[in-house]
Amino acid sequence: MFDRLNVFRTAEMMAVHAGTRHAVVARNMAHADTPGYRPADLAPFREMAARHAPAATTLRATRPGHIGAATTGFATPEPRRDVVTDPNGNGVSLEYEMLKSVEAKRQHDRALTIYRSALEIMRQSLGRR
């Protein structure tokens with residue numbers, strides 16, 4: 001019953017997005033010396049949630065063979081096009097990736113805070129602490 005509350009689902013989606021973005025940033029940083037590597041990034045959470053919000057209110061496909069089953073994941077990294085490359089063709093800026101890593105951590109912390117606050121409100125409304 002309580003697993004279908006939008007506040008918990010939104011907090012979960014936000015935490016998953018932050019974790020996925022952190023993994024993409026780590027992959028970019030790991031390829032900082034790879035010639036020709038183009039860094040990737042995820043769309044902001046607001047855009048991704050808006051794209052997938054109508055799907056959250058419709059029927060869910062529990063198996064890949066169901067009619068209308070989603071074929072793409074929630075968070076798919078896309079190569080960035082607006083990067084300045086080094087002479088070897090690498091476009092990774094470690095400073096920019098560090099800033100994105102901090103943004104992902106803040107987003108994850110925000111998701112956990114939202115989850116904890118909603119859980120505390122539910123506990124207090126039930127008369128438990």
May I have the step-by-step check of side chain to side chain contact (heavy atoms under 4.5 Å, CB included) for Arg38 and Thr85, ending in yes or no? CA-CA 8 Å; Arg38 306 289 288 191; Thr85 60; 3.0 Å; yes

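- Separation of atoms CZ (Arg27) and OG1 (Thr34) is listed at 12.0 Å; rounding is to 0.5 Å.
- With hydrogens and angles disregarded, no donor-acceptor distance shorter than 3.5 Å links the side chain of Ser101 to the backbone of Glu97.
- His17 contributes a side-chain N or O that, together with a main-chain N or O of Ala43, makes up a donor-acceptor pair within less than 3.5 Å.
- Ile114 and Phe45 fall within the same hydrophobic cluster, defined by Ile, Leu, Val, Met, Phe, Trp and Tyr side-chain heavy atoms under 4.5 Å apart, directly or through other members.
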Does the pair Glu103 and Arg21 meet the rule for a side chain to side chain contact (heavy atoms under 4.5 Å, CB included), with working shown? CA-CA 9 Å; Glu103 287 175 10; Arg21 186 165 192 221; 3.0 Å; yes

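- The main-chain N or O of Val92 is never found under 3.5 Å from a side-chain atom of Asn28 such that the two would form a donor-acceptor pair.
- Criterion: ILVMFWY side-chain heavy atoms under 4.5 Å apart, direct or through other members. Under it, Ile121 and Leu126 are not part of a common hydrophobic cluster.
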Test side-chain hydrogen bond (donor to acceptor under 3.5 Å, both in side chains) on Gln124 and Glu120; report intermediate values, then the result. CA-CA 6 Å; Gln124 289 182 2; Glu120 184 63 27; 3.1 Å; yes

What verdict does the side chain to side chain contact (heavy atoms under 4.5 Å, CB included) test give for Glu78 and Asp41, after you've listed the backbone C-alpha separation in whole Å, the side-chain angles of each residue and the deciding distance to 0.1 Å? CA-CA 6 Å; Glu78 298 174 7; Asp41 199 3; over 6 Å; no

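- Using the six-membered ring where Trp is involved, His31 and Tyr37 have ring planes that are parallel, under 30° apart on the 30 and 60° scheme.
- Linking Ile, Leu, Val, Met, Phe, Trp and Tyr residues whenever their side-chain heavy atoms come within less than 4.5 Å places Val7 and Leu119 in a single cluster.
- Residue Ser93 holds its OG atom at 9.5 Å from NZ of Lys100, rounded to the nearest 0.5 Å.
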Arg110 vs Tyr115, test: side chain to side chain contact (heavy atoms under 4.5 Å, CB included). Steps then yes/no. CA-CA 9 Å; Arg110 188 177 314 123; Tyr115 182 83; over 6 Å; no

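- Scanning all heavy atoms of the two residues, the minimum distance from Ala40 to Val24 falls at O-CG1, 3.4 Å.
- In this structure a side-chain-to-backbone donor-acceptor pair under 3.5 Å is present from Asn90 to Ala32.
- The minimum heavy-atom distance linking Val83 with Pro39 is given by the pair CG1-CG, 3.7 Å.
- Criterion: ILVMFWY side-chain heavy atoms under 4.5 Å apart, direct or through other members. Under it, Met13 and Leu5 are part of a common hydrophobic cluster.
- Counting non-hydrogen atoms of other residues, nucleotides and ligands closer than 6.0 Å to CZ of Arg80 gives a total above 12.
- Atoms CZ and CE, on Arg9 and Met14 in that order, are 14.5 Å from each other to the nearest 0.5 Å.
- Taking a 6.0 Å sphere around CG of Asp33, one finds it holds 12 or fewer heavy atoms contributed by other residues, nucleotides or ligands.
- Residues Ala15 and His108 share a closest heavy-atom pair of O-CD2, 3.7 Å.
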